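Reading through the structure tokens given below for one structure.
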Amino acid sequence: MNIVEQVQQQLKEAIGAAVAKSAFADAGELPEVMIETPKNKENGDYATNIAMQLTKIAKKPPRAIADDIVGNLDTDSTPIRSVDIAGPGFINITLKPDYLGDVVKDILGKGEDFGRSDAGQGEKVQVEFVSANPTGDLHLGHARGASLGDSLCNVMDFAGFDVSREYYINDAGNQINNLAKSIEARYFQALGREAEMPEDGYHGQDVIDIADALAKEHGDKFVSMPEEERFEWFRKHGLGVELDKLKQDLAAFRVNFDNWFSETTLYEDGKIDTALDKLRQNGHVYEEDGATWFRSTDFGDDKDRVLIKQDGSYTYLLPDIAYHEDKLQRGFDKLINIWGADHHGYIPRMKAAIEALGYDRETLEVLVSQMVQLYKDGEKFKMSKRTGKAVTLRELVDMVGLDATRYFFVMRSGDSQMDFDLDLAVSQSNENPVYYAQYAHARICSILRQADDAGLFASEDHVALLLESEKALDLMRKLGDFPQIVADAAKLRAPHRVATYIHELAASFHTFYSTDKVVDPDNRELSEARLALVTATRTVIANALRLIGVAAPDRM
RNA sequence: GUCCCAGUAGCUCAGCAGGAUAGAGCAACAGCCUUCUAAGCUGUCGGUCGCAGGUUCGAAUCCUGCCUGGGACGCCA
């Protein structure tokens with residue numbers, strides 16, 4: 001437990017005791033004491049609405065209840081300075097700021113671990129994200145999903161969840177056959193022969209590149225190869241190349257997975273049949289019109305879904321169900337899937353499948369990464385000039401830069417559609433919010449370099465001196481918020497909260513910086529205290545940026 | 001037609017497990033560099049929180065209906 005949590009705990013206990021002493025009702029009927037930090041500083045450091053919540057039970061006006069509670073409040077075991085009753089019945093608490101010095105010491109002691117908590121209590125969570133088909137480049141939507149997913153995993157891990165990151169490789173379906181046929185056609189074209197692209201072929205430049213490379217390296221050796229053998233070779237080769245490219249692009253985007261799960265293994269290990277049998281035994285499967293159906297309507301879906309088509313092949317859904325069954329058998333408490341907006345309609349059927357397999361449907365949480373629209377010069381920027389297709393992740397990073405791309409995606413809530421302003425993201429100026437936080441970090445590093453030259457070093461011995469400055473107090477309060485911000489972001493699956501916090505923290509630092517000179521050889525003790533504060537600030541900014549995959553530069 | 005997401009300042013968005021006077025960035029305007037990085041700071045301007053009901057001591061937040069924008073409704077993946 002960190003210092004801030006300890007203080008909050010003390011306050012809750014003291015208020016709880018005062019409420020009990022006021023004897024409005026039996027202990028069992030009393031609501032839990034909740035404390036919050038008021039938006040407006042004038043309303044103290046903490047506030048509780050307990051008096052308003054008790055109006056029904058106590059049958060008295062809230063301000064009178066608050067009076068009773070405050071009268072019974074024992075402040076000896078807490079850092080409370082003063083207590084006020086305000087507004088409709090809030091009890092506002094102002095603290096003696098001394099404990100904030102301990103926050104700085106706490107941060108310096110914990111370093112890159114400051115902000116960690118056990119909020120997740122070791123819950124085993126698997127997050128599956130991106131999972132784009134290995135048939136082409138990652139595009140804009142995948143970039144957002146990757147950004148959200150990776151940041152969420154970092155945040156949840158830091159908040160004490162046991163997180164596993166997984167990428168599901170759709171390497172068994174029809175789309176891979178189409179990839180192989182497309183490569184085949186491009187290969188023949190590369191050799192100057194006539195060849196038709198398949199109807200659902202992949203027309204991207206990447207396929208042409210693969211085929212050209214094959215023609216260059218192997219000449220016409222595949223032309224004489226038996227068709228089936230050639231097809232199989234192209235299939236494996238294409239898959240390998242595409243998959244390598246995905247892995248490289250994601251790694252370059254600072255996104256790494258614990259597990260790359262191949263759909264093909266579901267077939268090889270008989271897991272498709274196992275899942276189908278299980279559904280059948282549970283009585284949720286029937287035959288009709290020559291197809292095999294899943295009665296998903298029993299679990300709230302709009303209509304029943306086909307598992308095996310008339311031609312005997314599987315729909316995408318059946319292996320997907322088998323995949324989720326496999327995940328569940330691996331012992332995760334929670335499965336989080338991050339899907340693009342175009343797949344959100346599949347949530348009900350997947351949840352239905354979870355339930356039909358005998359699990360709690362709430363085990364599966366699907367987060368939807370909404371559409372992204374690029375804007376440039378105030379107009380929609382639709383297509384990549386080079387390929388004529390959607391803008392790829394690689395192109396985006398080339399244009400915008402890695403840090404700005406990651407930051408822009410994660411600073412918005414994933415479940416709202418977003419406009420991505422290319423001009424803003426590209427601009428190396430104060431208009432660009434990503435530099436605001438990075439600049440705070442670089443500024444601190446610069447201060448520390450100069451302090452070092454002056455023979456001044458951070459010291460915890462005089463942190464009490466910091467309490468004199470209102471700007472320093474604000475900054476310390478903000479630093480103390482970090483563990484709770486991370487915990488909330490994890491529980492709410494809302495990594496953008498960390499980005500919002502980073503901005504606030506940077507603002508708090510910049511404000512402090514503008515008035516409180518840190519390095520002052522004529523005032524060594526104050527300098528040492530302030531160096532402790534800015535060192536702590538640097539640590540928290542770096543920790544927070546790390547969670548959202550953005551670099552914390554020493555110089556800018 | 002059904003379902004999902006969104007609608008908050010001129011623009012882009014936070015805030016939504018109910019709380020006090022609804023916030024930030026950009027844009028606009030006015031100041032601040034002989035002093036640790038001006039990618040910064042300070043201030044001003046800017047709002048019927050889509051509309052209408054309801055629940056409540058209290059609603060941007062919860063419920064219902066409607067309007068607008070986007071998406072999804074395949075024996076494609």
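All values reported here derive from a predicted model rather than from experimental measurement. By convention in this document, chain letters (A, B, ...) are assigned in the order of the sequence lines, proteins followed by strands, and residues within each chain are numbered from 1.
In this structure, OH of A:Tyr436 is placed 8 Å from P of B:C26, rounded to the nearest angstrom. A:Lys478 has its NZ atom 12 Å from the P atom of B:A24, to the nearest Å. At whole-Å resolution of the value, CZ in A:Arg555 and P in B:A39 are 16 Å apart. Atoms CD1 (A:Ile176) and P (B:C76) sit 17 Å apart, rounded to a whole Å. Rounded to whole Å, atom C1' of B:C73 lies 13 Å from atom NE2 of A:His343. Distance NE2 (A:His510) to P (B:U42): 10 Å, rounded to an integer number of Å.
Scanning atom types as modelled, one donor and one acceptor separated by under 3.5 angstrom connect the side chain of A:Tyr346 and the base of B:C76.
Close to B:U2, at under 4.0 Å from its OP1 or OP2, lies no side-chain N or O of A:Lys303. One finds no side-chain N or O of A:Arg530 lying less than 4.0 angstrom from the OP1 or OP2 phosphate oxygen of B:C36. Residue A:Tyr501 places none of its side-chain N or O atoms closer than 4.0 Å to OP1 or OP2 of B:A24. Remark: A:Thr511 is in phosphate contact with B:U42, judged by side-chain N or O atoms under 4.0 Å from OP1 or OP2.
Salt bridge status for A:Arg449 with A:Asp453: absent, with no side-chain N to carboxylate O gap under 4.0 Å. A:Glu128 and A:Lys327 are joined by a salt bridge, as a carboxylate oxygen and a charged side-chain nitrogen come within less than 4.0 angstrom of each other. A salt bridge links A:Asp326 to A:Lys271: at least one charged side-chain nitrogen sits closer than 4.0 Å to a carboxylate oxygen. Looking at A:Glu287 and A:Arg280, a side-chain N of the basic residue comes within less than 4.0 Å of a carboxylate O on the acidic one, giving a salt bridge. Electrostatic pairing of A:Asp520 and A:Lys517 does not count as a salt bridge here, judged by no charged N lying under 4.0 Å from a carboxylate O. Salt-bridge formation is detected for the pair A:Asp45/A:Arg477: a Lys NZ or Arg NE/NH1/NH2 atom is positioned less than 4.0 Å from an Asp or Glu carboxylate oxygen. Under 4.0 Å is where a charged nitrogen must lie from a carboxylate oxygen, and between A:Asp421 and A:Lys376 no such pair does.
Comparing B:U35, B:A38, B:G71 by their closest approach to the side chain of A:Lys517 singles out B:U35. Closest to the side chain of A:His344, from the set B:A24, B:C4, B:A39, is B:C4. For A:Lys309, the listed nucleotide lying nearest its side chain is B:A77; candidates were B:C36, B:G25, B:A77.
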**Prompt:** What is the per-nucleotide protein-contact pattern of nucleotides 12-21 of chain B, from the 5' end, where B denotes a base atom under 4.0 Å from a protein heavy atom, S denotes such proximity for sugar-phosphate atoms only, and - denotes neither?
**Reply:** BSSSS--BBB
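In this structure, B:C62 shows a glycosidic angle more than 90 degrees from zero, which is the anti conformation.
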